[in-house]
Amino acid sequence: MNISVRDVFLTPSSSGLLIDTIAVEMSDSWETSGGIIVKQSFSCLVKPEVGDSVLISSQSEEKYVVAILVRRSGMQAVVSPANECGLTIKASCITLVSSNDMSFFSKRNICVGAPLGELMIQASSIVQTVSNTVVNIAKEILIRAGYYDLESDTAIMSKASVQIITAEKDIRMDAERINLG
């Protein structure tokens, strides 16, 4: 007697579980190769893709993908809860490992906090892009300090259409040569 995995599950017309392949992706659902319209179940965190072999629950009028059984190798898995709700991972330790690149993207803020630890970055090169800081060209810089020491090994240059130097007591210039005018 030869029994396949499909024979163990019920047919699409009855309630139960069945296995099918995702054929077409629609806006918020998928159509299988068997013509069934399915949605992603809340507990299936990996977003189904065309070509996936999936386990479908058909307990009611709605049909849901409850698990992705097989995916072609090389396809990326996207962790995306149904209805685009938020995702929090809570564990005593989390490690993310990538054999190639790792990217973080947010349309708003990215916050990293370690109130009882350290933030460590190890890289052969760090490229930093920061907006709204002194790293960018500033429109105004206001520094008020009790004592301000600015030192350079080579040169310090200041260029403006108007510059004002004010002191209540002394202005001291000490150099081998002073050029004015």
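In terms of hydrophobic clustering, with Ile, Leu, Val, Met, Phe, Trp and Tyr side chains grouped at heavy-atom distances under 4.5 Å, Phe42 and Val79 are assigned to different clusters.
Considering only heavy atoms from C-beta on, Lys47 comes within 4.5 Å of Glu25 through its side chain. Side chains of Val66 and Ile56 form no contact here, defined as non-hydrogen atoms less than 4.5 Å apart. Between Asp28 and Met26 there is no side-chain heavy-atom pair separated by less than 4.5 Å. Taking the side chain as every heavy atom from C-beta outward, Ser58 and Tyr64 never approach each other to under 4.5 Å. Taking the side chain as every heavy atom from C-beta outward, Ile19 and Val54 never approach each other to under 4.5 Å. Met157 places none of its side-chain heavy atoms less than 4.5 Å from the side chain of Lys159. Considering only heavy atoms from C-beta on, Ile171 stays 4.5 Å or farther from Thr166 through its side chain.
A salt bridge is absent between Lys63 and Glu31; no separation between the charged side-chain nitrogens and carboxylate oxygens falls under 4.0 Å.
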For this session: Apply side chain to side chain contact (heavy atoms under 4.5 Å, CB included) to Thr95 and Cys93, showing your working.
Result: CA-CA 7 Å; Thr95 302; Cys93 180; 4.2 Å; yes
For this session: Dump the intermediate steps for side-chain hydrogen bond (donor to acceptor under 3.5 Å, both in side chains) on Asp52 and Thr21, then the final yes or no.
Result: CA-CA 6 Å; Asp52 287 353; Thr21 303; over 6 Å; no
For this session: Would you sort out whether Val24 and Val50 count as a side chain to side chain contact (heavy atoms under 4.5 Å, CB included), showing the intermediate values?
Result: CA-CA 6 Å; Val24 179; Val50 173; 5.8 Å; no
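Val46 approaches Ile68 most closely through the heavy-atom pair O-CD1, 3.4 Å. Smallest separation of non-hydrogen atoms from Ala23 and Ser33: CB-N, 3.7 Å.
Although no hydrogens or angles enter the test, the distance criterion places no donor-acceptor pair under 3.5 Å between the side chain of Ser53 and the main chain of Val70. In this structure a side-chain-to-backbone donor-acceptor pair under 3.5 Å is missing from Glu49 to Val78. Side-chain atoms of Arg71 never come within 3.5 Å of backbone atoms of Gly51 as a donor-acceptor pair (strictly under, hydrogens ignored). Between the side chain of Asp20 and the backbone N or O of Thr32, no donor-acceptor pair lies under 3.5 Å.
The residue from Ser57, Ser41, Cys44 that alone fulfils the side chain to side chain contact (heavy atoms under 4.5 Å, CB included) condition with Val65 is Cys44.
Phe104 CZ to Leu96 CG: the interatomic distance, rounded to the nearest 0.5 Å, is 6.0 Å. Atom NZ of Lys39 sits about 10.0 Å away from atom CH2 of Trp30, to the nearest 0.5 Å.
A 6.0 Å sphere centred on CD of Gln163 holds more than 12 heavy atoms belonging to other residues, nucleotides or ligands.
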